[in-house]
Amino acid sequence: MSTTSRGDWPLYEVFVRGKRGLNHVHVGSLRAADDEMALLHARDLYTRRNEGVSIWAVRSDTIAASAPDEKDPFFAPSGDKVYRHPTFYDIPDDVPHI
Amino acid sequence: MTDEDLHVDGEDDLYVDGDGARWAFGTGFTDPLHGVDQSVPDGVDAEDLAACCLALGDDALVSAQRLAEWCTRAPELEEELALANIGLDLLGQARLLYARAGRADGTGRGEDAYAYFRYPEDFRNVRLAELPGGDFAFTVARLLVLSVWRLAVCEALAAAPDPVLAAIAAKSAKELAYHSRWAAEWTVRLGDGTGESAGRMRAALDALAPWLDELLTDRAAARQGADPAAVAARTRLELFHVLADAGLDRSDDVSPLETPAPPVPGSGRNGRHTPHLAPLLAELQSVARAHPDASW
Amino acid sequence: MQETEETEGTDVKEAPASMNMSVFEDTIARDQRIEPRDWMPVAYRATLVRQIAQHAHSEAIGMQPEGEWITRAPSLRRKAILFAKVQDEAGHGLYLYSAAETLGADRTDLTERLIDGSQKYSSIFNYPTRTFADVGVIGWFVDGAAICNQVPLCRTSYGPYGRAMVRVCKEESFHQRQGYELLLTMMRGTDEQRVMVQEAVDRWWWPSLMMFGPPDDDSPNSARSMAWRIKRHSNDVLRQRFVDMTVPQARKLGVTLPDPGLRWNEERGHHDFSAPDWDELKRVVSGDGPCNSERLARRRAAHEEGAWVRRAAAAHAARRTARLREGRAA
């Protein structure tokens, strides 16, 4: 049976901003027939305990994702750039507020 | 029981994501009546205030009971959540309104006295709320009508002279805005969906039409700040827009809800109900009445 | 989907299987999580789909025994609590179906396999709820047992499953507490209520012990699930943990657990207890419990009666997309 004839709803990924100042974080997925329904479902499913101030719902089939075996070309080049990390810098203990 | 009971040998950390929340993710739950003076202000007719709270409380309780009947029967699991959320909101509104009624009518009765120990003829809900469940289209259509109308009432009551009723109405209005959005979106989906869904929506609207007049002429909140004519006008306009979006309007500019059946005379506001209320209440009250001395 | 090697990772260029396997095993050994697009053995995927689906089905079916009491709850406070609790169960079902879908399973297929009887759900939900005390005992025993099972699953090796479990566990601590609190209140009520509570405890105790599954020496798939860190503790370990946790709670409540063999074993540092009737578990799992047909019939009816709604929403969405496209083209 085709998915259309049985009326399957597409999958959406849901991202919730927990509070102001934070990024939207992926919380899970749900099924919805359209974007409006996805938002209302996301509200009911993922924020019924006051968990969020903002929701994104994105059709799962529109997300571009890096493949796991591309891990090295994607992420290894940043592995040796330790100078991007604050702990790279040796600051004497008696320097305040840094 | 304590946290330790959940972690008998202490090796499993429930909170592996480390956000430290004790129960769930959210915080900031608020009491809508926090800091609001509970005494009935001078110049407010306490008897009328009590009657208003009782009428709106009964509408909410009876509606919540009908929504609870959907539990485990919804067309999709996501809609279980939506229907339950709406039911819980309405149940919460009923509880606040009963508490206010008990204070205003001087009896000091609690919410359960109103819900469980009155007879059908003592209930003051509109009859639209008590009509039997029907299919999903009927539930959507009824919720659309009730929530659009109740939203208009509550937005007006947010400026009621009684600060408690005003606070309850302001809280309710936010919830009802969501309910009416949910119902409006579904009305459009079903109206514009398949031949079957449009047919079911039309049948639901036809079934509801005779009961609409009771809402549009209701005066239960009139003396607390909700002008019946303004409420009726807003309700009509809003319904007209939604039904037009859904392709469920008629060519003659008349809302399908106002024809073809004439209004059914009488009003639940006077305690004259359809035969459907008594069995609803019998079920709702069955356990409480079987054990009148029990504590729950 | 069928539980085959067909996966969402098939677009990935295949590395030699042995290399994939060693990366997979190494990830597990380092107690790192496997994520959806990672290579994984076919049997690992199949085991997870089966387990997560069964878990999701249990949440969905598990709404029924308590859901029957929402309309009859004896106070508005209890009505709100129970309504919210049963709603949570629908939510938990969705978190879990969502985790299963990351493995390439399709929720509609899973639902169809539930209602045609080819996938199982927890046998506990095939027992009837007879009084309102059952609502309390289900919260205390059934949710208590579920928490014992699920807390370790927060650290299961498959990432999405573990994350779903974190949400579920946090929410279920409310479920267990509301049940216990209801029972405490009832025990302080009338004699009739105390009898109701004890009677419900007597009926639910043995089925609750069975929730942990057959004894370890009769649980053929356990060893592999443990090796893959899908499961982190054996059935018997979790069952013991539940008993040890529940005994002092029962004492505090003032009820008797219906097992004459139940006593503290100083040497083991655990309670000894009698074995449940495993033949009963087999009967209920194979479909012969008191409510199996009723539960499945209800789920099937909701699914079938909802079909026109789901179709209508899909048709509206398709038509709207087409209209938008025409609008853009014009």
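All values derive from a computational prediction rather than experimental measurement. Lettering of chains follows the sequences in order, A, B, ..., and the numbering in each one begins at 1.
Within a 6.0 Å sphere centred on CG of N23(A), other residues, nucleotides and ligands contribute 12 heavy atoms or fewer.
Between the side chain of E78(B) and the main chain of R31(A), a donor-acceptor pair closer than 3.5 Å is present.
For the side chain to side chain contact (heavy atoms under 4.5 Å, CB included) with L45(A), the lone residue among N85(B), L77(B), L81(B) that qualifies is L81(B).
E36(A) contributes atom CD, which lies 12.0 Å from atom CH2 of W186(B) (distance to the nearest 0.5 angstrom). Taken from CG in L39(A) to CD in E185(B), the straight-line distance is 8.5 Å, to the nearest 0.5 Å.
Using a 4.5 Å heavy-atom threshold, the side chains of M37(A) and E76(B) count as separate.
Pairing each heavy atom of Y178(B) with each of L40(A), the nearest pair is CE1-CD2, 3.6 Å.
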